[in-house]
Amino acid sequence: MNWNEPKFDELAKQDFLRAEIVADLRAGRYDGVHTRFPPEPNGYIHIGNAKAIWLNYCIARDFGGKFNLRFDDTNPIKEEKEYIDSIIRDVAWLGADFEDRVFYASDYFQQMYDFAIDLIKKGKAYVCELTADQISEYRGDYNTPGKPSPWRDRPIEESLDIFGRMKNGEFPDGSRTLRAKIDMASSNMNMRDPIMYRILHASHPHAGDKWCIYPMYDWAHGLEDSIERITHSMCSIEFENHRPLYDWFLIELGTYRPRQIEFARMNLSYTIMSKRYLKLLVDRGHVTGWDDPRMPTVSGMRRRGYPAAAIQDFLSRAGIAKKSNTIALEVLEHCVREDLNRNAPRFMGVLNPLKVVIDNLPDDHVDFLDAVNNPENPEAGTRKVPFTRELFIERDDFMEVPEKKFFRLAPGREVRLRYAYFLTCNSVIKDSQGNITELRCTVDPATRGGNSPDGRKVKSTMHWVSASKSVSAEVRNYDKLFTVEDPMGQEKEFTQFLNPESLTVLSDCKVEPATADLKIGDRVQLERLGYFCVDLDSAPGKPVFNRTVSLKDSYSKIQAKK
RNA sequence: AGUCCCGUGGUGUAGUGGUUAUCAUAUGGGCCUUUGGAGCCUGUGACGGCGGUUCGAAUCUGCCCGGGACUACCA
């Protein structure tokens with residue numbers, strides 16, 4: 001590959017990561033680009049992880065390189081098969097193509113073990129018998145240098161022997177560790193004789209019961225990248241201070257050395273981006289699971305109805321930099337709306353039905369009207385929508401005493417029923433409590449299809465559904481998971497800011513019959529309401545729709561200002 | 001408190017010595033409309049501060065201020 005081609009100048013301009021990579025390639029430090037996403041299978045991946053995935057994948061793709069999915073599965077206590085499966089599924093769904101390259105750090109445990117032996121033989125690692133508390137105490141703090149472990153200078157043969165016996169399961173958990181012998185006075189805490197192995201008699205979700213010593217992340221991570229011949233190891237900034245340690249290990253071992261470059265992780269407003277706390281929401285039942293449509297997880301967003309392409313677009317717009325950032329949720333929603341506006345077929349559905357009786361139509365009247373499936377895409381064609389004497393309209397679309405700027409139906413007012421007729425409300429029927437139960441209306445037969453031959457205009461077009469020829473549905477309206485932009489940056493605990501209105505279930509909604517053909521996961525627009533996705537809880541004849549995102553609504557904005 | 005990293009409209013970004021400082025989103029106004037959607041036009045809005053170098057600084061430099069990361073046998 002000729003890295004001097006102009007197209008690489010263009011890539012270098014995209015962001016500082018690509019700029020560094022182009023520089024490396026042109027300097028001959030690497031022959032190509034091979035990246036990776038290294039999740040720990042201790043939870044489902046979220047939109048913050050998705051950024052790392054997308055960036056690593058796109059960079060590899062842009063440079064004609066490869067992208068690996070590799071599980072950083074070095075702590076069996078927190079890891080589960082369910083998480084492994086979900087991550088593989090979610091990364092693939094996102095569109096980051098790892099082909100057949102799914103790897104496991106646990107498959108490298110033997111190589112790592114052998115490397116550790118090398119280090120002990122070189123006098124660069126030793127078995128330490130301090131307790132966890134003692135190790136912490138000996139480490140010192142930011143202002144105080146640490147002091148050496150009494151085991152630091154034990155004979156190499158002794159360390160070799162004990163390390164082997166650690167591996168053979170001769171010692172209890174926590175009784176011994178293998179430590180690198182580096183510098184207890186380093187200003188970088190990571191260099192104060194970091195632990196390489198701990199004893200853990202635990203079954204591993206991928207490696208089974210083969211091991212009872214497990215490598216620490218700092219020891220394993222750089223080796224994994226090295227073993228896979230990763231060229232550029234892009235990670236978030238908290239690993240900046242770990243880079244000298246990874247380099248130290250690789251230099252001491254004399255093995256292949258990838259280049260690590262750090263970028264800032266992404267935060268999203270009105271949610272949290274921590275697997276640990278997302279797990280807490282799941283465990284405490286604040287949400288229904290990792291794939292709850294309110295969760296910022298990839299699984300949650302998929303179930304919510306966010307298209308992968310919209311998420312990719314969002315991730316690309318978020319940019320790459322080193323300063324801590326919180327991107328507005330509105331940007332994500334904008335990307336989702338933009339995609340769905342182009343691609344989602346339209347239907348009519350009524351969330352809060354209000355009965356309308358058309359007095360100038362016979363009881364058995366049925367008329368099939370033509371409706372456009374997607375005004376943004378003529379190729380989507382048209383469909384027939386049944387029109388009958390009794391209809392449902394949206395309760396919010398009627399006001400007995402209309403306020404200023406309310407253009408919809410009111411007594412004596414004429415509006416258009418989408419794709420149907422001009423409709424005039426003549427009277428309001430109420431029950432004994434004074435609740436409106438029904439509207440008596442008439443239709444102008446000359447306006448069939450929605451236009452008046454006399455050129456008469458109406459201020460509003462409303463959606464509707466036939467009372468007898470509609471399908472009952474459940475609609476789950478979702479809103480922000482939290483009430484504040486930064487739930488973690490508050491005085492009180494973050495769960496105090498969970499939005500009690502993040503989910504509203506409407507069980508008596510009516511949707512037009514053409515929705516019967518929809519399958520789980522299908523995304524549609526219910527006209528004037530928003531975009532919806534058919535949930536997996538749907539049953540035959542009883543669909544469940546998740547509201548993906550509402551349509552932008554300038555009327556509600558006017559109202560909100562009051 | 002120590003080490004490291006980072007400061008451009010509300011938010012996220014572009015910019016690498018000379019531009020009316022980019023784009024997106026959000027937001028105000030208008031047009032259009034058989035979705036109060038979409039689309040179109042348009043307005044408001046930023047270089048953290050103070051010095052230095054230079055004819056000229058968002059860009060180089062010094063100090064200050066502000067923000068973030070780091071003291072797990074977690075990753």
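The model shown is predicted, which means the values in this text are computed figures rather than measured ones. In what follows, chains carry the letters A, B, and so on, assigned in the order in which the sequence lines appear, proteins first and then strands, with residues in each chain numbered from 1. Below, all heavy atoms of this structure are taken into account, side chains as well, without hydrogens, waters or symmetry copies.
Nucleotide B:U27 forms a pair with B:G43, judged by Watson-Crick or G-U wobble geometry with both contacts under 3.5 Å. Nucleotide B:C70 forms a Watson-Crick or G-U wobble pair with B:G2, both donor-acceptor distances falling under 3.5 Å. Shown here, B:G18 forms a base pair with B:C55; the pair counts as Watson-Crick or G-U wobble because both key distances fall under 3.5 Å. Nucleotide B:G37: unpaired (no Watson-Crick or G-U wobble partner with both distances less than 3.5 Å). Under the Watson-Crick or G-U wobble criterion, with both distances below 3.5 Å, B:G62 is paired with B:C50. B:A75 is unpaired under the Watson-Crick or G-U wobble criterion, no partner having all donor-acceptor distances under 3.5 Å.
At a threshold of 4.0 angstrom between heavy atoms, the contacts of A:M216 are confined to the sugar-phosphate backbone, with no base atom among them. Here A:R139 lies in heavy-atom contact (under 4.0 Å) with sugar-phosphate atoms only. As judged by a 4.0 angstrom heavy-atom cut-off over every strand, A:P375 is placed among the base-contacting residues. Within 4.0 Å of A:A328, counting heavy atoms only, lie sugar-phosphate atoms of the nucleic acid but no base atom. Within the 4.0 angstrom heavy-atom criterion, base atoms lie near A:G174. As judged by a 4.0 angstrom heavy-atom cut-off over every strand, A:F71 is placed among residues making no nucleic acid contact. Within the 4.0 angstrom heavy-atom criterion, no nucleotide atom of any strand lies near A:N188. Backbone-only engagement by A:R317 is indicated by non-hydrogen atom pairs under 4.0 Å involving sugar-phosphate atoms exclusively. Here A:Y214 lies out of heavy-atom contact (under 4.0 Å) with every strand. When heavy atoms are screened at a 4.0 angstrom cut-off, A:T131 is found touching base atoms of the nucleic acid. Note on A:H242: a base of the nucleic acid sits closer than 4.0 angstrom, heavy atoms only. In this structure, A:N451 reaches the bases: a heavy-atom distance under 4.0 Å links it to at least one base atom across the strands shown. Counting any heavy atom pair closer than 4.0 Å across all strands shown, A:E238 reaches sugar-phosphate atoms only and no base atom. Among the heavy atoms of the strands lying under 4.0 Å from A:D72 are primed sugar atoms or P, OP1, OP2 only; no base atom is included.
When all heavy atoms are compared, the tightest approach of A:S452 to A:F422 is CB-CE2, 3.6 Å.
Rounded to whole Å, the C1' atom of B:A38 lies 9 Å from the corresponding atom of B:U33. Across B:C63 and B:C5, the matching P atoms stand 14 Å from one another, rounded to whole Å. Taking the C1' atom of each, B:G48 and B:G68 are spaced 16 Å apart, rounded to whole Å. With both ends at atom C1', the span from B:A69 to B:A1 equals 16 Å, rounded to whole Å. A gap of 22 Å separates the C1' atoms of B:U13 and B:G17, to the nearest Å. B:C50 and B:G7 have their C1' atoms separated by 16 Å, with the value rounded to a whole Å. Between the P atoms of B:U8 and B:U59, the separation comes to 13 Å (whole Å). Look at the P atom in both B:A26 and B:U11: the space between them is 16 Å, to the nearest Å.
The OG1 atom of A:T74 sits 11.5 Å away from the CG atom of A:L223 when rounded to the nearest 0.5 Å. With rounding to the nearest 0.5 angstrom, the CD1 atom of A:I195 is 7.5 Å from the SG atom of A:C128. Distance check, rounded to the nearest 0.5 Å: OH of A:Y83 to OH of A:Y44 gives 7.5 Å. A:F37 contributes atom CZ, which lies 10.0 Å from atom CG of A:D72 (distance to the nearest 0.5 angstrom).
Here the C1' atom of nucleotide B:G68 and the CE atom of A:M273 are 17 Å apart, to the nearest Å. The CG-P distance, from A:L332 to B:U13, rounds to 15 Å in whole Å. The nearest whole Å value for the distance from the CE atom in A:M266 to the P atom in B:U13 is 11 Å. Rounded to whole Å, the distance from CG on A:L268 to C1' on B:U25 is 13 Å. Atoms CG (A:N143) and C1' (B:A1) sit 4 Å apart, rounded to a whole Å. Look at CE on A:M196: it is 18 Å from C1' on B:A72, rounded to the nearest Å.
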(message) The test is salt bridge (charged side-chain N to carboxylate O under 4.0 Å, His left out); show your working for A:E80 and A:K279 and say whether it passes.
(response) CA-CA 13 Å; A:E80 292 177 26; A:K279 184 173 189 317; 5.5 Å; no
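For A:R36 (side chain) and A:N56 (main-chain N/O), no donor-acceptor pair under 3.5 Å exists by modelled atom type.
Between A:S269 and B:U11 there is no side-chain N or O to OP1 or OP2 distance below 4.0 Å. For B:U35, neither phosphate oxygen OP1 nor OP2 lies less than 4.0 angstrom from any side-chain nitrogen or oxygen of A:H463. For A:K323, a side-chain nitrogen or oxygen approaches OP1 or OP2 of B:U8 to under 4.0 Å. Contact annotation: A:N325 side-chain N/O to B:U13 OP1/OP2 distance is under 4.0 Å. For A:K322, no side-chain nitrogen or oxygen approaches OP1 or OP2 of B:A69 to under 4.0 Å. A close approach under 4.0 Å does not occur between any side-chain nitrogen or oxygen of A:T144 and OP1 or OP2 of B:G2. Residue A:R198 places at least one side-chain N or O closer than 4.0 Å to OP1 or OP2 of B:C74.
A cation-pi contact, defined as under 6.0 Å to the ring centre and within 45° of the axis, is absent between A:R413 and A:F406. Relative to the ring axis of A:F368, A:K384 does not place its NZ or CZ within 45° and under 6.0 Å from the centre.
Of the candidate nucleotides B:A75, B:U71, B:G68, B:A75 has the atom lying nearest to any side-chain atom of A:F239. Here the nucleotide nearest the side chain of A:K557, chosen from B:U27, B:U35, B:A75, is B:U27. Distances from the side chain of A:D553 to the nucleotides B:A75, B:U35, B:G36 place B:G36 closest. When distances are taken from the side chain of A:S187 to each of B:G36, B:U3, B:A75, the shortest belongs to B:U3. In this structure, the nucleotide among B:C74, B:U35, B:C73 sitting nearest to the side chain of A:R346 is B:U35.
Residues A:R528 and A:K13 each lie close to RNA chain B; by heavy-atom proximity, the contact nearer the 5' end of the strand is made by A:K13. Annotation: of the two residues near RNA chain B, A:G450 and A:I195, the 5′-most nearest-nucleotide partner is A:G450.
Judged by distance alone with a 3.5 Å cut-off, a donor-acceptor contact links the side chain of A:E376 to the base of B:G37. Side-chain N/O atoms of A:R408 and base N/O atoms of B:G36 include a donor-acceptor pair closer than 3.5 Å. You won't find any donor-acceptor pair under 3.5 Å spanning the side chain of A:E330 and the base of B:U11, going by distance alone.
Both thresholds, 5.5 Å between centres and 30° between ring planes, are met by A:F407 relative to the base of B:G36, so the two rings are stacked. The aromatic ring of A:Y197 does not sit over the base of B:C73, since the test of centres under 5.5 Å and planes under 30° is not met.
Ring-centre distance between A:Y421 and A:F387: below the 6.0 Å cut-off.
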